[in-house]
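What's counted below: heavy atoms across the whole structure, side chains too, no hydrogens, waters or symmetry copies. Chain A is the first sequence line, chain B the second, and so forth, proteins listed ahead of strands; every chain is numbered from 1. Please read all numbers here as calculations on a predicted model, not as lab measurements.
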Amino acid sequence: MTDSQPNDPATSAGNDLGVHQAARLEKLKKIEALGLDPWGQRFDNRLFIEQVRGKASEVQFRKADGSSIPLPDFDGGQAVDYKAWKGEQGAGEEIGPEVRVAGRIILMRTAGKLVFLNIRDLTGDIQIMIPKGHVSDADFELTKLLDFGDLVGVDGRLGRTNTGELTVFAAKLHFMTKTLEPPPEKHAGLQDPELRQRMRYVDLTYNPESLQTFLKRTKIIQSIRSTLAKHSFVEVEGPTLHTIAGGAAARPFVTHHNALDMKLFLRIALELHLKRLMVGGIERVYEMGRVYRNEGISPKHNPEFTMIELYWAYADYKVMMDLTQQIIVEAIEATGQGYQLMWGDLPIDFTPPFQRKTYTELFEQHTGLKIDDSEGIAKLAKKIGLDPTGKHPDVVVSEVFEEKVEDSLIGPIFVTDYPASLCPLTKRSSSNPNIAERFELFIHGMELANAYTELNDPILQESLFKTQLDGMAEEDSMAKMDTDFIRALRYGMPPAGGLGIGIDRLVMLLTNSRSIRDVILFPLLRHE
RNA sequence: GAGAGCGUAGCUCAGUCGGUAGAGCAAAGGACUUUUAAUCCUUGGGUCGAGGGUUCGAGUCCCUCCGCUCUCACCA
């Protein structure tokens, strides 16, 4: 491997990948032989390709009399005959700014003693033309050692080729990084969903829509933070290792601290620590972060996912509703999209205000039954394949609601005012004790946000905790009574509205991604 | 966890009724000074996911296992 064999690497390699790798290693050695560093160096003052494209108007035609005229609009997408246009202008030459760019070679063509590269950076693609004679002989030698995927830097003049394509006419090449693996197919990119997730680095480079999705995700998250900053929210970081996995009904991941010989759980929710901070006087508090639930995997579920929870002192669930709408609307604006989005083939209209309907209203509208008609509801439950026997009538209502109503909610729609018995940990409406001050936001059957007027009565909270734990089977009851949380409430948590939003699902909706795995950079996969 | 589907060259994909493994891109060699997925000529590249079985003969049929995708369940 170290001494260079006289025979062709193609014949000495055992398989095709070996051939690709051997060819690239061979070129790497030749680059070193030219006295160049195949792994590149610091490269100051380069422009992003987007910035270079912004200089397109500086490319002009200077006539013989010294006056400069702008070029016709070449960027309509169609190739044009720039050569003919130049011919009509008479004597003169094209002028353009000197630029420095760097990026990955995604396309490469040679036409005799001309080499065309298309390079890509974070912001876009641009064509590079390298004519023999315009660069040093060593640089032109180097073009023969370039492979798809290599990183190069270029100094050159911005101009246009005969077809009007904006192009950097290279004066100097700077080799940046050799790639030792071949890129995916150059038209189709990387298609295999498993490979796209496992090798996200390849996916991001060669599937621009994948990169755009993740860049949008970042913009959405930045937008949420900025919306909350407008309302004077304080962002905090709670612990991810919990001694008691509380705040939601989900199975936690279990881990262990060696030095303390202590069983620990990865957090399943952010709620209980944020509420402690409310007691501590951080009146508007939120955390956006990862939670871990030891549950199944589906297009809507990943074992670790990102959620935001926030608590607003002296507010209630109605304030949360306004805030939820503002967060989503501003996030859409931040992605540069209009309010009319597509979700697969289905449209979603995010034009505010979002619909608001009560749970009871929706239930009666979709089932044609009164919500207190237990017998009728039990009959309907049986008809749609549910088993209502022995269940509390409110539980049957909830199951029927999930079956008959939720999936048909196109939304965005706020479902408000849940039956109190379904949400024991929520504050009751002061005007009607059978109603819990809660809403959920649904979009195309997907639950996107969940909010409450929070219960801050420690005595009631404790007794409800106990009731809830009593009702749980042993293996489901991973959680224990969080006595410290109750103690915190006893020190006084202000009345407050609380809100949780599934960030991954929001990103799915705003990027038209049908799977959560398309909006999580590195979703959980089995061992390769 | 249950059911269905898929796995063929580095990548994207064909592969008929069970009869010697195919294409495009990529790679190697060559031609070309304005190409746009450049084009043209030549060449090499396969443990058909793994293992077992049926058969004269298996990419193809059967079984087991591994991985992925979809649907359902748990869940957000």
Side-chain angles (χ1 to χ4, degrees), chain A residues 7-24 26-27 77-79 81-83 86 106-118 125-134 140 144 147-149 159-167 169 179-199 202 206 248-251 268-269 291-309 402 440-442 446-450 476 500-506 508 514-517 523 525-528:
Chain A
N7 50 337
D8 188 348
T11 55
S12 60
N15 58 52
D16 195 46
L17 180 57
V19 171
H20 284 78
Q21 291 170 340
R24 283 161 185 264
E26 199 61 34
K27 288 177 187 169
Q78 293 284 319
D81 195 344
Y82 177 39
K83 194 177 182 178
K86 272 195 285 194
I106 52 163
L107 290 173
M108 187 161 47
R109 305 169 284 285
T110 62
K113 296 178 177 61
L114 271 181
V115 177
F116 290 92
L117 307 178
N118 290 69
D125 300 350
I126 198 162
Q127 177 170 270
I128 309 292
M129 184 166 113
I130 308 165
K132 187 175 169 70
H134 289 225
F140 201 76
K144 294 171 186 161
D147 281 304
F148 286 97
R160 290 187 184 272
T161 58
N162 286 347
T163 53
E165 170 103 7
L166 195 67
T167 299
F169 293 83
T179 49
L180 299 179
E181 298 288 337
E185 211 274 346
K186 72 181 176 186
H187 325 309
L190 196 62
Q191 291 297 323
D192 184 322
E194 180 184 354
L195 288 180
R196 290 182 59 187
Q197 290 163 24
R198 246 182 234 293
M199 299 200 288
V202 179
Y206 295 100
R251 292 237 262 283
I268 58 171
V291 296
Y292 307 85
R293 297 190 181 177
N294 208 337
E295 310 278 355
I297 293 174
S298 88
K300 289 177 191 170
H301 300 84
N302 193 60
E304 55 176 314
F305 65 100
T306 302
M307 64 181 305
I308 183 169
E309 284 193 34
E402 278 170 28
E440 289 190 280
L441 176 63
F442 284 94
M446 199 152 66
E447 185 194 327
L448 193 68
N450 191 4
D476 288 333
I501 299 176
I503 298 295
D504 309 283
R505 289 182 174 180
L506 178 61
M508 284 169 70
R514 296 311 298 255
S515 167
I516 199 167
R517 304 164 85 75
L525 293 166
R526 282 174 218 261
H527 285 298
E528 199 163 355

Side chain of [X] only, please: which of [options] is the nearest?
X      : options             : result
A:P193 : B:A27, B:C68, B:C70 : B:C68
A:S298 : B:C74, B:C70, B:U12 : B:C74
A:R517 : B:A73, B:G24, B:U69 : B:U69
A:E447 : B:A76, B:G67, B:U34 : B:A76
A:T167 : B:G67, B:U71, B:U35 : B:U35
A:T161 : B:G10, B:A38, B:U34 : B:U34
A:R198 : B:C11, B:G67, B:U71 : B:G67
A:K27  : B:A27, B:U34, B:A38 : B:A27
A:Q197 : B:U69, B:U33, B:A27 : B:U69
A:N162 : B:U34, B:A76, B:C68 : B:U34

Determine whether any donor atom in the side chain of [X] lies under 3.5 Å from an acceptor atom in the base of [N], or the reverse, and answer yes or no.
X      : N     : value
A:E165 : B:U34 : no
A:T110 : B:C32 : yes
A:H20  : B:A26 : yes

_Other residues, nucleotides, ligands: >12 heavy atoms within 6.0 Å of A:K132 NZ_ =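 Yes, enclosed.
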*For B:C70, what is the paired nucleotide under Watson-Crick or G-U wobble rules, both distances under 3.5 Å?*
B:G3
_Pair partner, B:G44 [Watson-Crick or wobble, under 3.5 Å]_ = none
*Atom NZ of A:K132 to atom P of B:A31: distance rounded to whole Å?*
12 Å
Would you indicate what [X] reaches in the nucleic acid, counting non-hydrogen atoms under 4.0 angstrom: base, sugar-phosphate, or nothing?
X      : value
A:I297 : base
A:N450 : nothing
A:G296 : base

_Can you see if the side chain of A:K186 gets near the phosphate of B:A38 - specifically, an N or O under 4.0 Å from OP1 or OP2?_
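So the side chain of A:K186 is within the cut-off, an N or O lying under 4.0 Å from OP1 or OP2 of B:A38.
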*Taking only the side-chain nitrogens and oxygens of A:R293, find out if one of them lies under 4.0 Å from OP1 or OP2 of B:C74.*
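No, A:R293 has no side-chain N/O under 4.0 Å of OP1/OP2 on B:C74.
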*asked:* Checking A:E447 now: which residues fulfil side chain to side chain contact (heavy atoms under 4.5 Å, CB included) with it, not counting sequence neighbours?
replied: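 Checked A:E447 against side chain to side chain contact (heavy atoms under 4.5 Å, CB included); matches are A:E440, A:F442, A:N450, A:R505.
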*What pairs with A:D81 under salt bridge (charged side-chain N to carboxylate O under 4.0 Å, His left out), at least two apart in sequence or on another chain?*
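Checked A:D81 against salt bridge (charged side-chain N to carboxylate O under 4.0 Å, His left out); zero matches.
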*Is a side-chain donor-acceptor pair under 3.5 Å present for A:Q127 with A:R160?*
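A:R160 vs A:Q127: no donor-acceptor pair found between side chains.
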*Going from CD1 on A:I130 to CE on A:M108, what distance comes out if it is rounded to the nearest 0.5 angstrom?*
9.5 Å
